[in-house]
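A quick write-up on the structure given underneath.
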Amino acid sequence: MAFVTHQFIRTLSSTAVRNAAIKHVTIIGGGQMGAGIAQVAAATGHSVVLVDTSEDILKKSTKGIEGSLKRVTKKKFADKPEAGEEFIQKVMKNVSTATDAASVVSGTDLVVEAIVENLKVKQGLFGALDKVAPEHTIFASNTSSLPIADIASSTARLDRFGGLHFFNPVPMMKLVEVIRTPTTSQATFDSLVDFSKALGKHPVSCKDTPGFIVNRLLVPYMMEAIRLHERGHGSKEDIDVAMKLGAGYPMGPFELLDYVGLDTAKFIIDGWHAMEPENPCLPPVPC
């Protein structure tokens with residue numbers, strides 16, 4: 001009977017996910033990624049709540065969103081500045097802020113987490129939200145390196161949990177990696193794909209493997225650039241110029257490492273090496 005009841009509830013939840021478009025989004029994390037996701041969601045008519053730990057962070061986030069929108073409208077409404085100002089005001093009305101995630105998820109369709117790349121912290125967040133969010137609410141992480149299934153394990157909604165990996169800067173970058181775990185339902189995956197398209201993004205389907213598609217190729221490439229420099233086979237400057245002019249990349253690997261953050265890059269490669277110590281593409285980099 002317990003099994004039947006569980007299956008019945010899960011069926012109802014999946015049906016609700018499938019039949020309801022995502023209209024209200026709660027974004028956890030007011031940093032560069034979270035604010036960027038909030039901006040594109042609000043600009044496409046979604047009701048957005050941006051959550052972080054302090055009002056000061058949130059004021060900085062909303063100021064950043066407004067500044068980004070001003071840059072967008074300068075091009076989009078070059079001949080109609082009044083229409084541009086009206087657009088900014090309309091978008092900003094779609095964004096509200098909060099410092100307590102649990103208090104705002106009761107009416108949300110989707111929770112997107114964009115906080116520190118720490119598995120235990122993410123699990124703690126989702127574990128707490130799982131107790132207060134409605135049955136139909138989908139959970140998604142914007143992690144760039146951690147397994148979605150490991151994050152989802154702290155909740156009881158494994159079928160309504162997936163990954164939405166946006167790229168920085170979010171308003172400019174078209175790609176979204178939509179990640180499904182073995183337990184992500186088809187209805188949840190379809191909803192995440194539809195949401196990505198509603199934001200004007202181009203979603204690609206990814207399995208829940210380390211780094212998904214882009215970072216699985218990009219991070220080892222950046223690490224090999226450092227090893228190349230460590231061996232004395234090229235200066236940082238020459239390696240960057242070579243990859244820009246020879247491979248057509250907009251940034252060289254060292255420029256990109258600075259943009260991503262050396263601390264983030266180290267966290268990713270160390271974590272992957274721990275998961276796959278025999279993989280020749282993933283050894284730690286002394287430098």
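For the pair Lys201 and Phe166, the cation does not sit on the ring face, since its NZ or CZ is not both under 6.0 Å from the ring centre and inside 45° of the axis. Taking the ring centre of Phe139 as origin, the terminal cationic atom of Arg160 falls outside the region bounded by 6.0 Å and 45° from the ring axis.
Tyr249 and Tyr221 have their aromatic ring centers within a separation under 6.0 angstrom.
Residues Ser54 and Thr99 fail the side-chain proximity criterion, which asks for heavy atoms closer than 4.5 Å.
In terms of modelled atom types and a separation under 3.5 Å, the side chain of Ser68 and the main chain of Gly64 share no donor-acceptor contact. Between the Glu230 side chain and the Cys287 main chain, a donor and an acceptor come within less than 3.5 Å of each other.
With respect to Lys122 and Glu117, a salt bridge is recorded, a charged nitrogen being found less than 4.0 Å from a carboxylate O. We find that Arg231 and Glu224 are joined by a salt bridge, their nearest charged nitrogen and carboxylate oxygen being less than 4.0 Å apart. Residues Asp208 and Arg180 are not paired through a salt bridge, judged by the lack of any N-O separation under 4.0 Å between the basic side chain and the carboxylate.
When the side chains of ILVMFWY residues are joined at heavy-atom separations under 4.5 Å, either directly or via intervening members, Leu256 and Met173 end up in a single hydrophobic cluster.
Atom CE of Met92 is separated from atom OG1 of Thr62 by 5.5 Å, given to the nearest 0.5 angstrom. Between Gln123 atom CD and Ile151 atom CD1 the span is 7.5 Å, to the nearest 0.5 Å.
For the residue pair Thr181 / Thr183, a side-chain donor-acceptor distance below 3.5 Å is found, with atom types taken as modelled.
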For Glu113 and Asn142, run side chain to side chain donor-acceptor pair (under 3.5 Å): C-alpha distance rounded to whole Å, both residues' side-chain angles, the deciding distance at 0.1 Å, then the answer.
CA-CA 6 Å; Glu113 166 270 312; Asn142 182 60; over 6 Å; no
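Between Leu282 and the choices Val219, Ile269, Ile268, the side-chain contact (heavy atoms from CB on, under 4.5 Å) rule is met once, by Ile269.
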